[in-house]
Structures are given as C-alpha cells and as structure tokens.
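Taking it in order: structure first as structure tokens, then the write-up.
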2 protein chains.
Amino acid sequence: MKVLPRPYHHGNLREALLKAAEQALEDGGLPSMSLRELSRELGVTHASPRRHFAGKQDLIDALAARGFERMDAILGRAAKNNGQVFKTRLTKFARAYVGFALKHPALCGLMFEAKHRPGAPKELLQASDKAFSHGRALFADGQASGEVVEGDPYRLALVAYASLQGLISISTAGKFKGISLDTLVPEIMDRIILGLGPRN
Amino acid sequence: MKVLPRPYHHGNLREALLKAAEQALEDGGLPSMSLRELSRELGVTHASPRRHFAGKQDLIDALAARGFERMDAILGRAAKNNGQVFKTRLTKFARAYVGFALKHPALCGLMFEAKHRPGAPKELLQASDKAFSHGRALFADGQASGEVVEGDPYRLALVAYASLQGLISISTAGKFKGISLDTLVPEIMDRIILGLGPRN
DNA sequence: ACCTGAACACCGTTCAAGT
DNA sequence: ACCTGAACACCGTTCAAGT
C-alpha cells in the first residue's frame, strides 16, 4: 500500500512533512525546521503545506501530539509490570521515560513546550494526558498495596516527575560528565522512594 | 526629499539593548526578541547593534552571562548561612534558586540553553561555573560535618539539582494546579536529604 | 482536492558611506 | 568611534489562479 516513492507527493505530503519536520528538528533545532526548507526538500512549493497544516504552529502541534502517542505506547508497555514490587515498577517506568526523552530530545522539548502553550489544541492535551496516565496509575497501585504513602497521587508523582524532568533537561543539554544514566536513574528513584514510603 | 535626521542614541546603546532585550524576552519569548524591533524601540537603525554585538547570538550570550552574575550574587547570599544545619541551608539555598528562576523564567531558559550551546564563549561558562560554585561548596560543607554521605559531591548535588531543575521546568511552564512552591520546595528537599544522609 | 506563483511584511547580516 | 541606508538572502502567511 505504501508505494509511490517519487518526490511528487500525491496524497502523502502531510506524512512526508511530519517525517521531514521531525528529522529537521532533531538535526538543527526548531529554527532549522522551516516550512520553506521542508517544502524544498520534498520538492513542492512553499505554499503547499498550507493544504495540510494551517500554519507552522499547527505542524508543531501535530508533531507534538504524535510524540505523545508514541510515548503513550512505550510508557504503557513499561507500566504493565504487575506482580513486581513498586520500586521495581517505578524504576523500569522511569528508565523508559528517560530513554524515550534521550532518544528524541528535540521532539520532547517541543512536546513539552507545545503542551504548555496557552491555546494548545485539546487533541494535544488529551494525547499528553493519556501518555501520563500510566504514571498516575502506577502511583495509585503503589498506594493501594501500601508501598506508597497516602496523599494526593498527583502531588506525590510530581516529585518523581520533577526529578526525571530535571535529569532529562541536564542530560539533554549534554553536560553529563561520564555519569551513566543506567546507574543514575535507579539511584534517583531509590532516593525518591525513600521519601515515598510509609512514614516512621 | 529632506528627512529629519534621527538623533544619535545618547548614553550607552549597549546597556540599553541589553535591558530592552531582557524585557522583550520575558514579554514574548526569544522569537519576539528581534534586533530590528529592539533598534526600533531605541530609535536607532537596525544595523546599529552591530557596533556592540557581533550578532544576535552575541547579544544572547551577553544576556546569559549577566544573568549568571545576578544569580551568583543571590546564591552567594543564600549559601552564607554558616552555623545552620545542612538541611536548613540546603532548603534556603533551593528556595533562592527556584525563586530567581521563577522571577526570570525566560532569562533562565536562555541562560540554560546558552550555557550548553556548543561553542559557548568561555566568559559565559566561567560566569555559570561561578554561580554554581556555591551549591558545590554547600554540599562539601555537608560532607565535612558528616551530614551528607561520602562520595563525589558533583554527583550528589546532581540529584538535588535535577529535582530543582525539573520543578522549575514544570512550574515555569505554568501547569501547577494550586500547589504552592513554598511548601513543595522544602518537601522535595526533605526527600532528597533522606537519600543523602549517612547510610544505615 | 491539491498545488503553484507572486506578493507582503517580517527577520539577521553585511558593507560602503556619512558624521 | 558610532551610526546610517541600502542590499541580500532568508522566513511565515496569504491569495488568486492553475490542474
């Protein structure tokens, strides 16, 4: 079904734009992701994208929504470790989250910004919410089994989320002087869990 | 054909540009910080900034370096709480760091990016390093007094730094559903400290 | 439906020339 | 030294017109 490889796009321009946009984004950042440049690469006029995306922001939002869908699939798999202790599940989950973010750093930055932009389309917000639902469910499970202290799960998850988000920021920026994430992520999760356990 | 000549910008154009640039940055983000727009605001030609900044990146780097100098002053004061327990000092320090970041969110984002950009000027890297030296010193103090576990201070501080950086990212993005930072920052620091204390 | 071609208003950068 | 004015090559967006 997926043939038509010629640079003249009949019905694939939208897909081709999204793919080329992500490539350009990871290669040279948002400023290098220009509609005109993408059009040039795909062999169409710079006005062609207008048929598929209302404007550059619309392309960005679509790219972000797709990112959250992919993240949702990955986090969904990572969270489905029933029968494990909470600590193991959280560590696996965190590793999957960080792994995805480090594999697509520019895309994740764009997802983060797009999601928080005032006026973000609700389709994007829903995709983001769906992806993050696995984390909330994980913390709820931890509370149900008594492994996580009682309280607002949103707030509890926030601490872990903040740590990971910061880790990703720093790591994405590239300044990680030879410290492996494979050991640092569990280390951070261990410390978080020390604070999440039942009070004594 | 005669047009009234624009008067030369009296005083320091370089200073005026930096000030106007920071304002534009916080108001509308990096894309709204345009050299041409700044020149218009200050009543000079769009080519004038060239005398003071080699290009837009140069202005950005100067803005970032100034930001780190201001941060250095604030963190220096916050870290000078000798005679207090480590936990108190770290919490005060973290509050000062988060406070600065939330007061100047766009500037801090620019500082973070500029610092990690390949090819960042060494003056900028030095300013950043100076600002962060207070945090490293704080952790070294904690180790000297036995309140912080032994080990690489850089790595230990990284966990706390990551948490704060993530907290700032999330908070700056604006999605904090009525959770006060005055209670959340100490809460996060408490949990970090649980993991930093001597092993038992 | 899908794309073109031209136009408009922006942008950063460069450079010879003015004061 | 400091700034101007014009030029160049980009950009996003719009729209009448082609197929």
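Naming: A, B, ... by sequence-line order, numbering from 1 per chain. Bear in mind the structure is a predicted one, so any value in this text is a computation, not a measurement.
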Salt-bridge criterion met for Glu147(B) and Arg89(B) (N-O under 4.0 Å)
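Looking at Glu147(B) and Arg89(B), the cut-off is not met.
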Discussion item. Using a strict threshold of under 4.0 Å (side-chain N to carboxylate O), is an ion pair present between Glu37(B) and Arg40(B)?
Written reply: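 Salt bridge flag = yes for Glu37(B) with Arg40(B).
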Donor-acceptor check, side chain of [X] to backbone of [Y], threshold 3.5 angstrom: yes or no?
X         : Y         : value
Arg95(B)  : Val185(B) : no
Thr172(A) : Ser169(A) : no
Thr91(A)  : Lys87(A)  : yes

Please report, rounded to the nearest Å, how far the [atom2] atom of [N] is from the [atom1] atom of [X].
X        : N       : atom1 : atom2 : answer
Leu13(A) : dT4(C)  : CG    : C1'   : 13 Å
Asn12(A) : dC3(C)  : CG    : C1'   : 15 Å
Ile60(A) : dG12(D) : CD1   : C1'   : 11 Å

* Asked: Are Pro105(A) and Glu26(A) close enough that some pair of their side-chain heavy atoms sits under 4.5 Å apart?
  ->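 Answer yes - side chains close enough.
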- Across the strands shown, which category fits Arg40(A) at heavy-atom distances under 4.0 angstrom: base, sugar-phosphate, nothing?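 Contact class for Arg40(A): sugar-phosphate only.
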Ser48(B) side-chain N/O to dC3(D) phosphate OP1/OP2 under 4.0 Å: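 It does not, given that no N or O in the side chain of Ser48(B) lies less than 4.0 Å from OP1 or OP2 of dC3(D).
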Under-4.0 Å side-chain N/O to phosphate OP1/OP2 contact, Thr45(A) with dC3(C):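 Indeed not, no polar side-chain atom of Thr45(A) lies that close.
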Read 5' to 3' with Watson-Crick or G-U pairs under 3.5 Å, [ ] for crossing pairs and | for partners on another strand, DNA chain D gives ||.|||||...|||||.||
Same hydrophobic cluster for Tyr161(B) and Tyr154(B), using side-chain heavy-atom links shorter than 4.5 Å among ILVMFWY?
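Yes.
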Go through the structure and list residues passing salt bridge (Lys or Arg N to Asp or Glu O under 4.0 Å) with Arg70(B), not counting sequence neighbours.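 Counting only residues at least two positions away or on another chain, Arg70(B) forms a salt bridge (Lys or Arg N to Asp or Glu O under 4.0 Å) with Glu22(B).
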Check: If you check every side-chain atom of His52(A), which of dC3(D), dC3(C), dC11(D) has the closest atom?
Finding: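 That would be dC3(C).
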Protein heavy-atom contacts under 4.0 Å, written 5' to 3' over nucleotides 13-18 of chain D as B (base), S (sugar-phosphate only) or - (none), form the string BBB---
